[in-house]
Colleague: 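Take a look at the following structure, please.
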Amino acid sequence: MNQLNLNEQILAQISSAAKVIRSGGIVAFPTETVYGLGANAFDAIAVAKIFELKGRPKFDPLIVHIADLSDIKLLSFSDDSRIYQLAEIFWPGPLTIVVPKSTVVPDIVTSGLQTVGIRIPKNEIALELIKKSGCPIAAPSANKFGKISPTTAQHVKKYFPKIDFILDGGKTEVGIESTIIKLNTKGFEILRHGVITKEEIESIIPYYSEGKNDVISAPGMIKSHYSPNKPFYILNEELKNKIDRSKAGLISFSGTDTEGFQKVIYLSPKSERSLGQDLSEAAANLFGAMHQLEESDVEIIVAEPVPEKGIGIAIMDRLKKAAYQSQSAIHKNKFLE
Ligand code: AMP
Ligand code: MG
């Protein structure tokens with residue numbers, strides 16, 4: 001559990017934020033993954049405001065955050081024991097489980113799907129907010145649609161300077177969004193990769209892909225996402241030689257071949273010193289590094305790929321989506337020749 005000591009000041013802020021939620025407003029709050037933009041999950045009008053604020057397409061459903069396992073009964077009529085098996089191991093934590101929804105969950109929350117994604121976040125501020133609000137909180141990440149996810153309250157302010165309420169819980173610990181799984185008759189399939197890996201989940205229930213998810217039930221399939229407002233590429237051998245390093249910011253994992261870049265940000269500085277490579281640390285620093293280079297004076301951002309195994313799969317998923325638009329128009333960049 002997040003060992004934040006909730007002092008009186010933050011508790012008072014959470015009480016005020018809970019009032020905002022209860023009266024149909026929007027609150028940005030920290031979770032262990034990224035900051036969320038939350039509303040009462042049972043209030044369709046409040047939830048609609050989230051879509052409007054974010055510029056989020058209505059086909060992209062929200063995750064519903066609860067503080068207590070028993071709240072599942074409000075959101076789903078399913079008595080699938082696997083939900084509880086998974087919850088026992090992974091909740092509170094960065095795993096979202098998609099289950100059949102109950103009738104009280106408004107359609108706008110699930111984009112009209114008959115399923116709802118649920119999780120208990122592992123962050124004391126988030127949990128206290130949900131408890132004090134007295135309702136589940138529907139929340140996507142607190143960024144404009146398609147842009148870099150927020151891992152600090154400052155990132156949230158950048159996107160939403162006028163929002164009703166931002167609870168500041170410092171930098172988020174995990175740093176990338178939750179793993180999302182959907183249960184089917186034979187096992188689970190992955191809709192979005194996160195720091196909880198397929199292998200970890202497979203130790204509880206079998207992996208089984210029905211392979212028939214439509215685009216709506218797997219919005220993780222949107223190819224472009226998490227994009228900085230600057231050209232962004234994943235570094236490969238060809239790019240290494242072409243790029244004008246004096247105009248480029250590098251997001252480095254290995255710490256090698258960093259010479260000549262205008263700016264370098266190390267994703268895993270702790271492990272760099274000990275020559276290990278820590279993918280959890282890299283995930284925690286990933287979006288922060290992207291924000292920092294977006295805000296800096298570099299003209300172009302490149303990221304070194306990380307090994308595509310374990311948590312590296314989730315990191316590469318974010319990098320590929322962030323690079324998608326730039327990579328498709330790579331011939332147009334004047335800093336590459
Ligand atoms: P965000 O928190 O901004 O990453 O957005 C939440 C993500 O949760 C969406 O992009 C969807 O991929 C996923 N999600 C939420 N509910 C469902 C659902 N019922 N079925 C499939 N995916 C879901
Ligand atoms: Mg998001």
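Since this is a predicted model, take the numbers as computed values, not measurements. Starting from 1, each residue takes its place in the sequence as its number.
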Colleague: For Lys186, which residues count as a side-chain hydrogen bond (donor to acceptor under 3.5 Å, both in side chains) partner, sequence neighbours excluded?
Modeller: none

Colleague: What residue pairs, at least two apart or across chains, pass ring-ring contact (aromatic ring centres under 6.0 Å, His included) with a residue in residues 113-149?
Modeller: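 Matches after skipping sequence neighbours: Phe145-His225.
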
Colleague: Once side-chain hydrogen bond (donor to acceptor under 3.5 Å, both in side chains) is applied, what residue pairs with a partner in residues 33-47 remain, sequence neighbours excluded?
Modeller: Thr31-Thr33, Thr33-Arg119

Colleague: Working to the nearest 0.5 Å, report the span between CG of Leu75 and OG1 of Thr115.
Modeller: 12.5 Å

Colleague: Taking it one step at a time, do Ile137 and Val27 satisfy side chain to side chain contact (heavy atoms under 4.5 Å, CB included)?
Modeller: CA-CA 10 Å; Ile137 294 185; Val27 170; over 6 Å; no

Colleague: With rounding to the nearest 0.5 Å, note down the distance linking CD in Glu281 to CZ in Phe253.
Modeller: 8.5 Å

Colleague: Are any non-hydrogen side-chain atoms of Ile97 and Phe90 less than 4.5 angstrom apart?
Modeller: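 Counting from C-beta outward, Ile97 and Phe90 never come under 4.5 Å.
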
Colleague: How about Leu69: does its CG atom have over 12 heavy atoms from other parts shown lying under 6.0 Å from it?
Modeller: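 Result for CG/Leu69: enclosed.
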
Colleague: Quick one: pull up CD1 in Ile130 and CD1 in Ile21 and give me the separation to the nearest 0.5 Å.
Modeller: 9.5 Å

Colleague: Are Phe287 and Thr172 close enough that some pair of their side-chain heavy atoms sits under 4.5 Å apart?
Modeller: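 No; the side chains remain at least 4.5 Å from each other.
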
Colleague: I'd like to know if the side chain of Lys230 and the backbone of Val298 have a donor-acceptor N/O pair within less than 3.5 Å.
Modeller: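 It does hold such a pair.
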
Colleague: Which residues pass the side-chain hydrogen bond (donor to acceptor under 3.5 Å, both in side chains) test with Gln85, sequence neighbours left out?
Modeller: none

Colleague: Between Ile72 and Val99, is any pair of side-chain heavy atoms under 4.5 Å apart?
Modeller: no

Colleague: Going by side-chain contact (heavy atoms from CB on, under 4.5 Å), name the residues that satisfy it together with Gln292, two or more places apart in sequence or in a different chain.
Modeller: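 In terms of side-chain contact (heavy atoms from CB on, under 4.5 Å), with neighbours along the sequence ignored, Gln292 is linked to Ile265.
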
Colleague: Would Glu200 and Ile89 count as a side chain to side chain contact (heavy atoms under 4.5 Å, CB included) here? Give the steps.
Modeller: CA-CA 10 Å; Glu200 286 175 274; Ile89 305 294; over 6 Å; no

Colleague: Enumerate the residue pairs fulfilling side-chain hydrogen bond (donor to acceptor under 3.5 Å, both in side chains) with a member in residues 89-102, sequence neighbours excluded, ordered by first and then second residue.
Modeller: Thr96-Ser178

Colleague: Scan side-chain atoms only and decide if Asn285 and Lys171 contain a donor-acceptor pair under the 3.5 Å cut-off.
Modeller: yes

Colleague: Does some side-chain heavy atom of Glu202 sit less than 4.5 Å from a side-chain heavy atom of Thr197?
Modeller: no

Colleague: Are Tyr159 and Lys54 packed together at the side-chain level, in the sense that at least one heavy-atom pair is separated by less than 4.5 angstrom?
Modeller: no

Colleague: Go through it in stages, so that I can follow the logic: the residues are Glu177 and Arg318, the test is salt bridge (Lys or Arg N to Asp or Glu O under 4.0 Å), and I'd like the CA-CA distance, side-chain angles, deciding distance and then a yes or no.
Modeller: CA-CA 10 Å; Glu177 296 83 351; Arg318 305 313 187 268; 3.0 Å; yes

Colleague: Side-chain contact, heavy-atom cut-off 4.5 Å: His155 with Asn143?
Modeller: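 Of all side-chain heavy-atom pairs linking Asn143 with His155, none is under 4.5 Å.
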
Colleague: My understanding is that only residues two or more places apart in sequence, or in another chain, count here; which of them pass side-chain hydrogen bond (donor to acceptor under 3.5 Å, both in side chains) with Lys158?
Modeller: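 Here the qualifying residues are His291, Glu294, Glu295.
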
Colleague: Which value, rounded to the nearest 0.5 Å, describes the distance between Lys198 atom NZ and Ile181 atom CD1?
Modeller: 12.5 Å

Colleague: Please round to the nearest 0.5 Å and tell me the distance separating atom CD1 of Ile311 and atom CE of Met316.
Modeller: 15.0 Å

Colleague: Does any N or O in the side chain of Glu32 come within less than 3.5 Å of the main-chain N or O of Lys122, such that one atom is a donor and the other an acceptor?
Modeller: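 Present.
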
Colleague: Which value, rounded to the nearest 0.5 Å, describes the distance between Ile83 atom CD1 and Ile205 atom CD1?
Modeller: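 Answer rounded to 0.5 Å: 9.5 Å.
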
Colleague: With ring-ring contact (aromatic ring centres under 6.0 Å, His included) as the rule and sequence neighbours excluded, what pairs involving residues 182-209 come up?
Modeller: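 Listed by first then second residue: Phe188-Tyr207.
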
Colleague: In chain order, what residues pass the side-chain contact (heavy atoms from CB on, under 4.5 Å) check against Asp297, with sequence neighbours excluded?
Modeller: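 Partners of Asp297 by the side-chain contact (heavy atoms from CB on, under 4.5 Å) criterion, ordered by chain and then number, come out as Gln262, Lys263.
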
Colleague: Kindly indicate whether the side chain of Ile66, heavy atoms from C-beta on, has any atom under 4.5 Å from the side chain of Leu74.
Modeller: no

Colleague: For a salt bridge (Lys or Arg N to Asp or Glu O under 4.0 Å) check, start with the C-alpha distance between Glu237 and Lys240, then their side-chain angles and the critical distance, and finish with the verdict.
Modeller: CA-CA 5 Å; Glu237 285 309 314; Lys240 268 187 192 166; 3.4 Å; yes

Colleague: Do Thr258 and Tyr266 have side chains that approach each other closer than 4.5 Å (heavy atoms only, starting at C-beta)?
Modeller: yes

Colleague: Considering residues at least two apart in sequence or located in another chain, which fulfil the ring-ring contact (aromatic ring centres under 6.0 Å, His included) criterion with Phe232?
Modeller: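 In terms of ring-ring contact (aromatic ring centres under 6.0 Å, His included), with neighbours along the sequence ignored, Phe232 is linked to no residue.
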
Colleague: Output yes when a side-chain donor or acceptor of Ser133 lies under 3.5 Å from a complementary backbone atom of Arg22, and no otherwise.
Modeller: no

Colleague: Return the set of residues passing side-chain contact (heavy atoms from CB on, under 4.5 Å) with Lys132 (not counting sequence neighbours), or none when no residue passes.
Modeller: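 Applying side-chain contact (heavy atoms from CB on, under 4.5 Å) to Lys132 gives Leu11, Ile14, Ser15, Ala18, Glu128.
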
Colleague: Asp68: which residues meet the side-chain hydrogen bond (donor to acceptor under 3.5 Å, both in side chains) condition with it, sequence neighbours left out?
Modeller: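 Ser70.
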
